[in-house]
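Each ligand, and each atom within it, is numbered from 1 in the order the structure gives.
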Amino acid sequence: MILQRNRPICDLRSPVTEKTPSIELALRARIDPARVPAHIAIIMDGNGRWAQQHGENRISGHLNGVRSIREALTAATAIGVKYLTLYAFSTENWNRPQAEVDALMELLVNTISNEIDELHRNGVRLHTIGDTDSLPKGGRTALKKAMDQTAGNDRITLTLALSYSARWDILRMVRSIATDIREGRLSTFAVNEQLIDQRLSTAGLPDPELLIRTSGEQRISNFLLWEIAYAELWFTPVMWPDFRREHLFQAVVDYQQRERRFGLTREQLPNP
Ligand code: IPE
Ligand code: IPE
Ligand code: MG
């Protein structure tokens with residue numbers, strides 16, 4: 001084992017203490033609980049650059065990113081977010097140097113194995129999207145066990161996008177619909193947005209209202225292309241290993257200040 005994490009990924013019991021930084025408390029107090037996004041998606045980016053800035057190797061950046069997952073999860077749970085989806089490994093990330101891919105796969109197994117009991121105690125349901133069949137056996141086994149164990153939880157659904165890309169998912173969906181039409185099981189007239197939603201790996205998850213990307217990059221990198229049609233995008237220069245609860249709260253505060261028009265005019269909105 002080259003990677004070890006012993007700290008719990010998630011301690012939801014006491015997210016606010018007298019030691020909680022005042023900036024975090026102040027931001028949290030500004031959040032309107034009635035308008036919290038049901039689903040937040042995060043492109044966790046910048047681990048490699050964080051490591052470089054600290055004179056460490058890229059793998060150290062990934063290790064240090066685990067704490068940020070805990071922070072994002074506790075913050076989301078504290079304000080009542082029901083779905084948190086994290087882009088952890090893309091289809092394109094398989095093309096990274098083999099040592100980095102191997103380390104990421106090992107980190108996945110270790111993190112899930114170490115943290116799953118804590119996640120379960122805190123009511124987290126673990127879910128995945130992506131081509132998880134392409135993960136190494138250890139990863140598949142750890143994920144299956146964790147998903148089975150937490151299947152009955154409903155406080156928050158934590159979805160890990162693993163070996164995921166939106167184009168991979170869309171291609172799969174198109175093939176499945178085309179096959180059903182060819183076999184006579186489906187009429188072309190039955191193909192609508194709802195059917196497409198049901199055939200994507202995100203079936204059952206509401207569309208994210210808020211998409212966060214760290215590291216200063218302002219692109220989507222093949223994440224949830226169909227599902228983010230009307231998501232609010234929030235970019236921060238913070239590298240993922242430096243992401244803390246206050247950043248998620250800040251993103252939600254900013255989200256709540258935006259006017260979501262969905263193609264209407266301002267005057268047509270219920271509370272312009
Ligand atoms: C995100 O950080 C983690 C993964 C993509 C697995 P990066 O590893 O992409 O870090 P940068 O973008 O090179 O700094
Ligand atoms: C996107 O980050 C994928 C994940 C966060 C898992 P990348 O670092 O792979 O994206 P690009 O290459 O900068 O677009
Ligand atoms: Mg990156």
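- Here the heavy atom of the protein found nearest to atom 2 (O) of ligand 2 is R213 NH2, 3.7 Å.
- Among all protein heavy atoms, the one lying closest to atom 5 (C) of ligand 2 is M44 O, 3.3 Å.
- At a distance under 4.0 Å, no protein heavy atom can be found next to atom 12 (O) of ligand 2.
- Under a 4.0 angstrom heavy-atom cut-off, R219 registers as being in contact with ligand 2.
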Exercise. Passes salt bridge (charged side-chain N to carboxylate O under 4.0 Å, His left out), E246 versus R244? Steps please.
Worked result: CA-CA 5 Å; E246 68 185 67; R244 296 291 174 264; over 6 Å; no
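- Counting heavy atoms closer than 4.0 Å to ligand 2, residue A88 contributes backbone atoms (N, CA, C, O) but none from C-beta onward.
- Remark: minimum distance from atom 9 (O) of ligand 2 to any protein heavy atom is reached at N93 ND2, 2.9 Å.
- Atom OD1 is the N, O or S atom of D45 at the shortest distance from the Mg ion (ligand 3).
- Taking every heavy atom of R49 and a limit of under 4.0 angstrom, the matching atoms of ligand 1 come to 11 (P), 12 (O), 14 (O).
- Of all atoms in ligand 2, numbered sequentially from 1 with element shown, those under 4.0 Å from a heavy atom of F89 are 6 (C).
- Note on E217: not counted as a metal contact of the Mg ion (ligand 3), no N/O/S atom lying under 2.8 Å.
- Protein heavy atom nearest atom 10 (O) of ligand 1, with residue, atom name and distance: G48 N, 2.9 Å.
- Using modelled atom types, no side-chain atom of D242 and backbone atom of V238 make a donor-acceptor pair closer than 3.5 Å.
- One finds no salt bridge joining R28 and E24 here, because no Lys/Arg side-chain nitrogen approaches an Asp/Glu carboxylate oxygen to under 4.0 Å.
- Every atom of ligand 2 with a heavy atom of R96 under 4.0 Å away is listed here by number and element: 7 (P), 8 (O), 9 (O).
- With ligand atoms numbered from 1 in the order given, ligand 2 contributes 5 (C) to contacts under 4.0 Å with heavy atoms of I43.
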